[in-house]
Amino acid sequence: MRRTLLFSLLFLFVLLGLSVIAALCIGEIRFTPAELWQLMREGSEEDVRFNILMQLRIPRIVLGFVAGGALSLSGVILQGIFRNPLVEPYTLGISGGASVGVTLAILLGWHTLHGGIALSLAGFLGALITILMVYSLGIRHGRVQIQTLLLTGVMISFISSSLMMLMMSVSKTENLHGIVFWIMGSLSDNNPSLIVLLAVATLLAFGLSYLHSPSLNAMRLGSERAMQLGVNTGRVIKLLFVLSSLLTGICVSIVGVIGFVGLIVPQLMRSLIGTDNRLLLPSAFLGGGIFLIVSDIVARTIISPNELPIGVITGIIGGTVFILVMGKRKKE
Amino acid sequence: MRDEIILSSLTCGYSPKHQTLHNISFRVTKGEFVAIIGPNGAGKTTLFRALTGMLPLQPGMLSIKDTDSTQLNPKERARRLAIVNQQVEGDQLSIEDYVLMGRLPYHASWQLFENQEDYTIAEECMKLTGIYEKRHKWMNRLSGGEQQLAAIARALAQQTDILLLDEPTSHLDISHQMRILNLVRWLNRERKLTVLLIIHDLNLASEFSHHLLMLKDGTIFTEGSPAEVITEANIRAVYDADVIVRQNPISGKPCIFPYSQETTR
């Protein structure tokens with residue numbers, strides 16, 4: 001068990017290193033690895049190439065890694081507590097709530113205030129309200145009703161997408177572009193302090209949830225069976241639900257809606273290394289980060305000098321890989 | 001004799017207005033083999049759920065090994081009482097990983113991996129139940145009988161003094177029924193485990209247990225030794241079924257033979 005963990009982590013770290021180097025080199029201005037090495041060692045502020053590296057590419061890679069890791073981690077956690085591999089962070093209506101918040105903020109003209117921070121704040125408030133609603137509706141008599149939680153989330157997603165359409169249909173054309181672009185998600189336009197915030201939140205959430213990975217394993221037998229094995233199921237579900245939805249909320253409000261990561265990466269990892277959450281949590285975390293870094297390389301180079309929304313890429317790459325892997329497994 | 005489980009006027013159910021069990025009181029002493037019988041809807045499953053901590057109870061209703069059930073957290077409960085369910089779940093989990101889960105109640109909250117002692121105990125439990133050779137097989141690839149053996153091994157890995165089984169044999173063939181129950185009896189005799197067995201089959205209940213608890217409509221209809229409980233009059237009163245009771249020629253325990261009204265006409 002521990003050896004498998006070590007090997008898969010080693011493999012993923014190598015992959016992460018390679019994708020980071022690729023993401024540093026590839027772009028509108030390309031570097032060879034040798035040039036990159038030279039720039040890193042002796043670059044200076046006057047060098048345009050050095051500034052591209054430091055101020056554009058590196059923050060983007062960091063944001064891609066933490067956002068991908070956060071979304072994938074939330075996916076694994078939610079799939080674990082709901083015992084359903086098709087649940088993803090957005091199934092619970094969190095992205096819907098955040099989108100409504102951001103749309104409202106754009107309509108009110110807040111996006112001109114304080115850079116992107118006001119938008120992120122509005123998105124996070126929207127997500128937070130959704131989480132509170134899903135959570136309070138999903139808990140009856142002090143017990144977590146898992147099916148109700150799930151259904152409430154799906155219903156809130158529908159309601160918020162209708163609200164979005166309502167607001168978009170009455171909004172001005174110049175606002176429409178901002179809304180649409182935000183919904184599709186992007187790793188650009190980033191504020192360094194928001195990146196740091198997301199990174200800290202993600203690492204904290206990872207540490208806390210990893211401590212609960214044995215409980216998540218036991219919950220694969222069902223929440224009653226897990227309780228018979230000494231797991232305080234109610235408390236674990238509440239804690240992990242709040243943790244993963246807050247994480248998703250922060251993530252969505254910073255990078256927008258980047259779909260499929262929380263669904264595809266955990267599923268892919270499950271078919272590669274198995275279903276033990278002690279392996280799955282760290283692997284999905286790293287895998288999600290790698291997936292988003294690579295998707296971002298594609299998104300910003302495929303129609304260069306223009307950029308595609310990263311959500312388009314995660315959907316296409318992720319969905320295709322997913323179907324291929326599933327098809328291969330069926331044959332076996 | 002020490003009391004392992006004490007139920008005193010246990011009254012509970014799924015909502016405060018509709019209590020399923022009324023005033024159930026009994027004691028299970030150490031080393032006993034108690035079978036709980038009764039028709040469908042008599043409250044066997046509710047009693048099981050009350051014992052496993054799935055139903056809210058008032059203080060004083062249930063005590064497990066000298067501690068009131070309301071004072072026990074899930075971990076402490078799992079170190080006192082091991083449970084084997086009717087349906088065994090474990091999808092793509094190997095038998096070994098499944099049995100190792102029985103060690104969970106002994107892990108500190110920061111302990112993520114099993115230690116050598118856990119592996120030793122799990123191995124011993126798998127050998128005892130005869131599934132050690134298959135330890136790498138997935139739970140969902142096993143037959144119903146093998147799944148039950150794995151569940152018993154997992155329960156043994158919890159190293160409790162009390163074993164509670166809910167209809168472990170109800171969908172097994174006669175050879176697996178006997179294998180499971182003989183194993184449970186061996187654990188009761190040799191390992192001094194206190195056994196509570198919820199079971200439908202009256203003949204198996206009579207054959208294996210020391211003490212029978214017969215439930216009807218959420219209360220104890222009668223209790224006692226198999227010879228006291230398994231009588232034609234009791235079966236008619238509780239199950240509304242016509243049976244004759246004879247002694248098993250080998251074990252001397254009462255044994256029922258159902259008959260149809262038509263044959264006597």
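Each chain gets a letter, A, B and so on, in the order the sequences are listed, and its residues count up from 1. Hydrogens, waters and symmetry mates play no part in the numbers below; they use all other heavy atoms, side chains included.
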Output the distance between atom [atom1] ([X]) and atom [atom2] ([Y]), rounded to the nearest 0.5 Å.
X	Y	atom1	atom2	value
S94(B)	D276(A)	OG	CG	9.5 Å
S215(A)	H107(B)	OG	NE2	11.5 Å
R154(B)	R225(A)	CZ	CZ	8.5 Å
L112(B)	N277(A)	CG	CG	11.5 Å
D97(B)	T275(A)	CG	OG1	8.5 Å

### Task
Pick one of side chain, backbone, both or neither for Q111(B), based on which atoms fall under 4.5 Å of a heavy atom in chain A.
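For Q111(B), the contact with chain A is made by the backbone alone.
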
### Task
Give, as side chain, backbone, both or neither, the part of R79(B) having an atom under 4.5 angstrom from any heavy atom of chain A.
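Neither part, no heavy atoms under 4.5 Å.
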
What do you reckon, is [atom1] of [X] surrounded by more than 12 foreign heavy atoms closer than 6.0 Å?
X	atom1	answer
F241(A)	CZ	yes
Q58(B)	CD	no
K75(B)	NZ	yes
F7(A)	CZ	no
Y119(B)	OH	yes

Looking at [X] and [Y], what are the two nearest heavy atoms and their distance?
X	Y	answer
P74(B)	V231(A)	CB-O, 3.9 Å
L221(A)	L93(B)	CD2-CD2, 4.1 Å
A78(B)	G230(A)	CB-N, 3.7 Å
F113(B)	L5(A)	CZ-CD2, 3.8 Å

### Task
Let me know which of N85(B), L164(B), L81(B) forms a side chain to side chain contact (heavy atoms under 4.5 Å, CB included) with Q228(A).
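When N85(B), L164(B), L81(B) are each tested with Q228(A), the side chain to side chain contact (heavy atoms under 4.5 Å, CB included) holds only for N85(B).
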
### Task
Give, as side chain, backbone, both or neither, the part of R235(A) having an atom under 4.5 angstrom from any heavy atom of chain B.
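Neither the backbone nor the side chain of R235(A) comes within 4.5 Å of chain B.
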
Is there side-chain contact between [X] and [Y], with at least one heavy-atom pair below 4.5 Å?
X	Y	value
R77(B)	M227(A)	no
Q92(B)	R270(A)	no
L229(A)	Q158(B)	yes

### Task
Determine the option with the most heavy-atom pairs under 4.5 angstrom with chain A, choosing from G102(B), A155(B), P105(B), A82(B).
P105(B)

